[in-house]
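As structure tokens, the structure follows; a few thoughts come after it.
Note on naming: letters A, B, ... go to the chains in the order of the sequence lines (proteins, then strands), and numbering restarts at 1 for each one.
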Number of protein chains: 2
Amino acid sequence: MAQVEGKNRDRISRRQVDKFAERRAQLAASALQTLAELGYARTSLREIAQNSEFSHGVLHYYFRDKVELITYCVRQYKADCVTRYDRIVVSADSADELGRSFGEAMAATLRDDAPMHRLWYDLRNQGLFEESFRADVLDIDQSLERMIWRVVSHYAELSGSPPTVSSGIAYAVFDGLFQQALLRYLTGREESVDELRSNTEQLMGQLVSRR
Amino acid sequence: MAQVEGKNRDRISRRQVDKFAERRAQLAASALQTLAELGYARTSLREIAQNSEFSHGVLHYYFRDKVELITYCVRQYKADCVTRYDRIVVSADSADELGRSFGEAMAATLRDDAPMHRLWYDLRNQGLFEESFRADVLDIDQSLERMIWRVVSHYAELSGSPPTVSSGIAYAVFDGLFQQALLRYLTGREESVDELRSNTEQLMGQLVSRR
DNA sequence: AGCACTTCTTGACAGTCGTCAAGAGTTTCT
DNA sequence: AGAAACTCTTGACGACTGTCAAGAAGTGCT
């Protein structure tokens, strides 16, 4: 009897927890959309609520405060993009093909997800000023570094030569490349998509010793 | 007589313009300090005034609005840093020496001017969201690209081999390197200063074909 | 149907923001 | 010295912010 009650309560509370988590995710999606549109400095809770189907008060029912909401958003963002290139790593049969696929994937996400990427750079920068985001930002940045390293090291394997740079350098270099392309793309220079593709391929070749 | 009056007025107004410009620069310096400390999102005009010796109302006497103030700040920032590496370019006698000086200069400015650099990245990102800063940000970014290219192309000359990358790639790569180092440095990892120095030297070698 | 609980809306709060006008204080010229 | 022009302070304005409490609306259970 007590057990049944316990089970029921578990089932109920689990369902509630699920619904709770679901709504959190839904609100975080609205928040991410707003942030990607306006940037951190211009995003308010009321604006986020207007991009959802709820009123502004509900945000404090699901999140303690603004910091928790944005932290949650950053974590959700991470889940989306940290495995972006893993598919092409396993499916590539040669170094050249991997280079091409990687360049193509970089170009594609620049074209399709530009607002999200500018948000990421914005939030990473907030981490340089505000202590509260720092841990999550660093965590994501390390995940991205590992993601890039999976590509580079596999490229090195396929080409039979070791990488000539460390994991940190490789990430910094491709990140810098992407950021420049993003800057150009968001100011209307659509050719930067193609430039990013070829620059990525070229640089990949130079970061692995060929002979 | 009319001429004398004209000359006098010119002299007067020139002096006034000078004083006016001087105070603008002074206030912009306070603004830059505040921005570097707090970041764009958390900097208010009252906060800027508190970091100066004036009250908040004076800012609207010297600047039309907040956008004009920050734009002016960005331009002032540019003048400071756009020739940062030019001295070492002319004074280097060999490629190796230039590589070392460049790495050392990067490391030094990371150590000494970290808050200013994080402000630059912050403002560059604002340009991705807010139309009003975009032109100045792009202008500065191009100046920085040329500054880096002066280093890289001179390095190539000294080493007798052509660069293997374009000006845009070279800037993107070193900028990415610096930004990663800044992220690490501002989170307390002081060893990133030395890492940046050696990474810069290493990468410089790889961006110029040696044989 | 009625009850308990969750979910959401509304409206208010204290505070901050950019902006500006009125006027005091200061400098400059005659 | 007095007038004119420049410089700066003060205090207010409307708008916006994050937060929260009161209670309405909705949901699921017995």
Given [options], identify the nucleotide with an atom nearest to the side chain of [X].
X     : options               : value
B:R46 : D:dA12, D:dT19, D:dC6 : D:dA12
B:V58 : D:dT9, C:dT19, D:dG18 : D:dT9
B:H60 : D:dT19, C:dT19, D:dC6 : C:dT19
B:K66 : C:dT19, D:dG18, D:dC6 : C:dT19
A:S55 : C:dT10, D:dT9, D:dT19 : C:dT10

Does the side chain of [X] come under 3.5 Å of the side chain of [Y] through a donor N or O and an acceptor N or O?
X      : Y      : result
A:D175 : A:Y121 : yes
A:D141 : A:Y171 : yes
A:T34  : A:E47  : no

In whole Å, I'd like the distance from the [atom1] atom of [X] to the [atom2] atom of [N].
X     : N      : atom1 : atom2 : value
A:E47 : D:dG18 : CD    : P     : 10 Å
A:K19 : C:dC5  : NZ    : C1'   : 12 Å
B:L69 : C:dC17 : CG    : P     : 14 Å
B:Q50 : C:dC17 : CD    : C1'   : 14 Å
B:I70 : C:dG18 : CD1   : P     : 9 Å
B:D65 : C:dC17 : CG    : P     : 17 Å
A:L59 : D:dA21 : CG    : P     : 17 Å
A:L45 : C:dT10 : CG    : P     : 17 Å

Per nearest nucleotide of DNA chain D, the residue lying toward the 5' end, A:S44 or A:R64, is A:S44
Just call it for A:Y61: base, sugar-phosphate, or nothing, with non-hydrogen atoms closer than 4.0 Å on any strand. base
Taking the six-membered ring of A:F133 as reference, does the NZ or CZ atom of A:K66 fall below 6.0 Å from its centre and within a 45° cone about the axis?
no
Could you walk me through whether B:R184 and A:E145 pass the salt bridge (Lys or Arg N to Asp or Glu O under 4.0 Å) check?
CA-CA 13 Å; B:R184 285 166 164 74; A:E145 181 180 324; 3.2 Å; yes
Taking for A:H56 and for A:Y62 the nucleotide of DNA chain C with the nearest heavy atom, the one nearer the 5' end belongs to A:Y62
